[in-house]
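Right, one structure below, let's go through it.
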Protein chains: 2
Amino acid sequence: MSTGTDGTPDGARAVAAALVTAAAVTAAPVTAQDRARCPATAVLHRIGDRWSVVLICLLAERPRGYNELDRAVADLSRRVLTRSLRTLEAEGYVRRTARPGPPYRVEYALTGLGESLHAAVRELGEWAAAHDGGPREG
Amino acid sequence: MSTGTDGTPDGARAVAAALVTAAAVTAAPVTAQDRARCPATAVLHRIGDRWSVVLICLLAERPRGYNELDRAVADLSRRVLTRSLRTLEAEGYVRRTARPGPPYRVEYALTGLGESLHAAVRELGEWAAAHDGGPREG
DNA sequence: CAGTATCCGACACGATACTG
DNA sequence: CAGTATCGTGTCGGATACTG
């Protein structure tokens, strides 16, 4: 494994460098600010919420309209659907395209970044599937 | 890419199969139950919470005691620290070893599954670092 | 050292009704 | 079709004090 100028493993720095640097590399405790500064934090927070990953998976298939998404996901209120889409858009994962009407039409689609995230999440999903109910070794 | 018996891409099934199967593969909407049944959901929920990943990173370095962890992470209440560790233990990522005292001593360490998760999360962290502030296309 | 007990605020999410 | 407004609820997380 390669190392940085300070001898810290480069691999570790990706998630740890900003998330855990202080404590992992030095003796200083990790603060909430350290965590906030880590690029991984936003991503983890996003994929950790209830419906974002589902929406990303749906949009990975093909672009969809608002009501189409609403129908595609039961148990998801319009309020939350709207907010989730807005957040995904703000973070660059989803592109919203409005075509003035009538007939009025809005389309949601993944951006390149969104597709990239989808691939990354799928990797994690495969890990989860592989270890589901499997290893219970101490 | 290989396909399942129904023509669904195997890769997609890992995260999508249980998370989005219904809507992605058929026309039926995704329900909260579909989501709950997906093996990825628990993992996403775990790494999505505020401190679990930080704890995993710290324990990936070396096993630590309770107060040691408490000191290593500022802005983390003992109440939450305890609950996070209990959850990580219940899900098989962390092993708790108590040595009766005095002097009393409890040690927390990653299990094999925990180390595996740490590696998976680090991959995601590298993805996040690579795309941080980068692509604003689309 | 390794926790528990109690209280409280912030936020995510759900239900329902209404709008351009 | 594509949203917003309002309200209520549950869970997460923080502060503080106490215990074996």
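Numbered from 1 within each chain, the chains take letters A, B, ... in sequence-line order.
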Checklist entry - What nucleotide among D:dG13, D:dA2, C:dC1 has an atom nearest to a side-chain atom of B:V80? => result D:dG13
Next on the checklist: Main chain of B:R86, side chain of B:E89: is a donor-acceptor contact present, judged purely on distance under 3.5 Å?
Outcome noted: no
Next on the checklist: Using whole Å, what does the distance between atom C1' of nucleotide C:dG20 and atom CZ of A:R99 come to?
Outcome noted: 17 Å
Item to check | Distance in angstrom units between B:R46 CZ and D:dG13 P, rounded | outcome: 9 Å
Checklist entry - If you find the nucleotide of DNA chain C closest to B:R86 and the one closest to A:L76, which residue's nucleotide is nearer the 5' end? => result B:R86
Checklist entry - Do A:L117 and A:V43 have side-chain heavy atoms sitting under 4.5 Å apart? => result yes
Item to check | Nearest-angstrom distance from the residue atom CG of A:L81 to P of D:dA2 | outcome: 10 Å
Checklist entry - With a non-hydrogen cut-off below 4.0 angstrom, is B:D70 in contact with a base, only sugar-phosphate, or nothing? => result nothing
Item to check | Under 3.5 Å donor-acceptor pair, A:R79 side-chain atoms to C:dG14 base atoms | outcome: yes
Checklist outcome for this item: B:R83 CZ to C:dA5 P, in whole Å, measures 15 Å
Checklist entry - If you look at every strand shown and take non-hydrogen atoms under 4.0 Å, does B:D75 touch a base, only sugar-phosphate, or nothing? => result sugar-phosphate
Item to check | A:S84 side chain vs A:V80 backbone, donor-acceptor pair below 3.5 Å | outcome: yes
Checklist entry - Between B:R71 and C:dC1, is there a side-chain N or O to OP1/OP2 distance below 4.0 Å? => result yes
Checklist entry - Has A:R96 got a side-chain N or O lying under 4.0 Å from the OP1 or OP2 atom of D:dG3? => result yes
Checklist outcome for this item: Atom CG of A:D49 and atom C1' of D:dC12 are separated, to the nearest Å, by 14 Å
Next on the checklist: Between A:E107 and A:R64 (salt bridge meaning N to carboxylate O under 4.0 Å), is one present in this structure?
Outcome noted: no
Checklist entry - Hey, does the Lys NZ or Arg CZ of A:R35 hover above the aromatic six-ring of B:W51, less than 6.0 Å from the centre and inside 45° of the axis? => result yes
Item to check | Per A:V106 side chain, nearest of listed nucleotides D:dA2, C:dC1, D:dG13 | outcome: D:dA2
Checklist outcome for this item: In whole angstroms, the gap separating C1' of D:dC12 from NE2 of B:H45 amounts to 9 Å
Checklist entry - Does the base of C:dG3 carry an N or O that pairs as donor and acceptor with the side chain of B:R78 under 3.5 Å? => result yes
Checklist entry - Atom OH of B:Y108 to atom P of C:dA2: distance rounded to whole Å? => result 8 Å
Checklist outcome for this item: Taken to the nearest whole Å, CZ/A:R64 to P/D:dA2 is 13 Å
Next on the checklist: Please pick, from D:dG3, C:dG3, C:dC1, the nucleotide with the shortest atom-to-atom distance to any side-chain atom of A:T82.
Outcome noted: D:dG3
Next on the checklist: Taking pairing as Watson-Crick or G-U wobble with both contacts under 3.5 Å, can you name the mate of C:dG20, or confirm there isn't one?
Outcome noted: D:dC1
